[in-house]
Amino acid sequence: MIYLDYAADTPVCQEVLKTFNEVSIKYFANPNANHALGRVAKAYIEQTTKEIAELLNIKPEELIYTSGATEANNLAIKGVAEQYGRKGKHIITSYLEHSSITGPLSYLQEKGFEVDFVRILPNGQIDLEHLKELLRADTILASFAAVDSELGIIQDLKAIKEVLKAAPNCLLHVDATQAIGKVDVNLDCIDLMTFTAHKLYGIHGIGALVKKEKIYLTPVIHGGLSTTAFRSGTPTLALIASMKKALELALSGQNAAYEKVSSLNKQIREALTPYPEILINSDEKVASPYILNISLKGMKASIMQQKLEEKEIYISTKSACVTPNTPSRPVLALSNDRKRALSTLRISLSHLTTQDEVNTFVEAFKACYEEMK
Ligand code: PLP
């Protein structure tokens with residue numbers, strides 16, 4: 001079996017699972033309970049939060065735990081809209097965003113907010129000139145992925161934040177789900193940032209929104225006491241501890257993993273480049289090496305995916321969360337070519353990917369390609 005869909009999900013790391021099991025057993029009491037066991041659990045969660053904050057170079061109070069990136073994105077977008085809606089009702093985003101960004105934005109459009117989509121350049125990065133044109137005095141939020149889930153384009157967040165300074169009330173939210181632990185993310189220029197553990201060899205059901213201290217949010221989930229006032233619910237101590245372990249491992253191994261994955265990505269690109277029907281959508285200079293998006297000219301990408309699956313090789317056609325058999329929005333925005341956007345394949349890599357796997361994948365891909373031609 002060769003798994004090349006790491007952008008959709010990663011296998012849980014044994015050490016992460018061990019942490020989850022140990023913490024679940026040792027600190028089983030509710031951290032909000034007013035007795036000694038509760039106080040021990042609370043002290044443990046506070047220490048873990050401090051350590052996660054140190055890993056990310058933020059303050060512990062700036063971490064809001066959520067059930068994953070979808071919830072964190074919803075909280076950032078709806079929370080800002082509700083809190084700052086009196087200052088303005090204009091939001092900017094891009095065509096590269098995940099459905100957990102476009103979903104809450106569509107919801108807000110129905111509530112009277114205006115959403116503009118900034119153009120992207122031929123390399124997939126945000127067109128900063130267009131962003132400047134779209135900015136208004138009533139723009140309260142801009143939301144962009146640090147690395148998008150389909151093309152894997154790394155955005156220049158510092159340059160984006162510089163442009164946004166022209167709108168005094170505009171906050172920058174960054175979905176860093178595909179970036180944290182893989183590429184550097186400059187948190188200095190970000191007001192709100194989303195990430196999730198299951199893209200980092202962590203466990204499903206835990207993620208976070210980083211919210212800089214000066215910002216207020218209207219909660220999406222109301223209820224009792226938790227680790228912050230912005231998201232209620234009994235703190236999920238063992239999941240939080242397991243996410244800390246996943247983050248720790250990903251950040252400490254980031255540089256070595258990046259080097260390895262870059263080399264594997266380059267090999268796949270070189271192997272596919274000679275084929276005129278294969279169009280590479282992820283620009284080599286600005287894409288994360290973890291994601292390689294291609295289109296198959298005149299061929300059905302889903303058939304290629306099935307053929308590879310018959311050989312126990314697993315890749316995806318698009319992001320796992322989008323409707324099948326619809327054009328890829330990022331590729332359509334990039335190429336303005338509907339056929340190209342309907343025939344995309346996403347190959348996503350990991351530090352776990354081996355040289356042998358890449359060799360086998362390339363040979364299998366070529367064989368399937370020859371059959372389909
Ligand atoms: N944002 C991006 C860029 C993603 O790639 C994903 C998952 O594919 C999500 C958000 C949603 O993450 P979760 O599954 O943790 O809700």
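First listed ligand is number 1; within each ligand, the first listed atom is number 1.
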*Asks:* So if I count the atoms of ligand 1 from 1 in the order they appear, which ones are less than 4.0 Å from some heavy atom of G68?
*Replies:* 15 (O)
*Asks:* Looking at non-hydrogen atoms alone, which of V147, T70, I291 comes nearest to atom 16 (O) of ligand 1?
*Replies:* T70
*Asks:* Taking only non-hydrogen atoms of S100, do any sit less than 4.0 angstrom from ligand 1?
*Replies:* yes
*Asks:* Cationic tip of K182 within the cone over Y258's six-membered ring, i.e. under 6.0 Å and within 45° of the normal?
*Replies:* no
*Asks:* So, K266 and E284, do they make that salt bridge, N to O below 4.0 Å?
*Replies:* no
*Asks:* Please say whether A7 places an N or O atom under 3.5 Å from an N or O atom belonging to ligand 1.
*Replies:* no
*Asks:* Aromatic rings H198 and H204: how do their planes relate, parallel, tilted or perpendicular, breaks at 30° and 60°?
*Replies:* tilted
*Asks:* Compute the shortest N/O to N/O distance between D175 and ligand 1 and return yes if it is under 3.5 Å, no if not.
*Replies:* yes
*Asks:* Is the closest basic N to carboxylate O distance between E213 and K59 below 4.0 Å?
*Replies:* yes
*Asks:* Drop me the distance from I160's CD1 to Q125's CD, to the nearest 0.5 angstrom.
*Replies:* 8.0 Å
*Asks:* I'd like to know whether K366 forms a salt bridge (charged side-chain N to carboxylate O under 4.0 Å, His left out) with E370, so could you lay out the CA-CA distance, the side-chain angles of the two residues, the decisive distance to 0.1 Å, and finally the verdict.
*Replies:* CA-CA 6 Å; K366 286 180 184 170; E370 292 303 333; over 6 Å; no
*Asks:* Could you work out, for atom 7 (C) of ligand 1, the closest of E97, K199, H198 by heavy-atom distance?
*Replies:* K199
*Asks:* What atoms of ligand 1 come closer than 4.0 angstrom to any heavy atom of T196?
*Replies:* 15 (O)
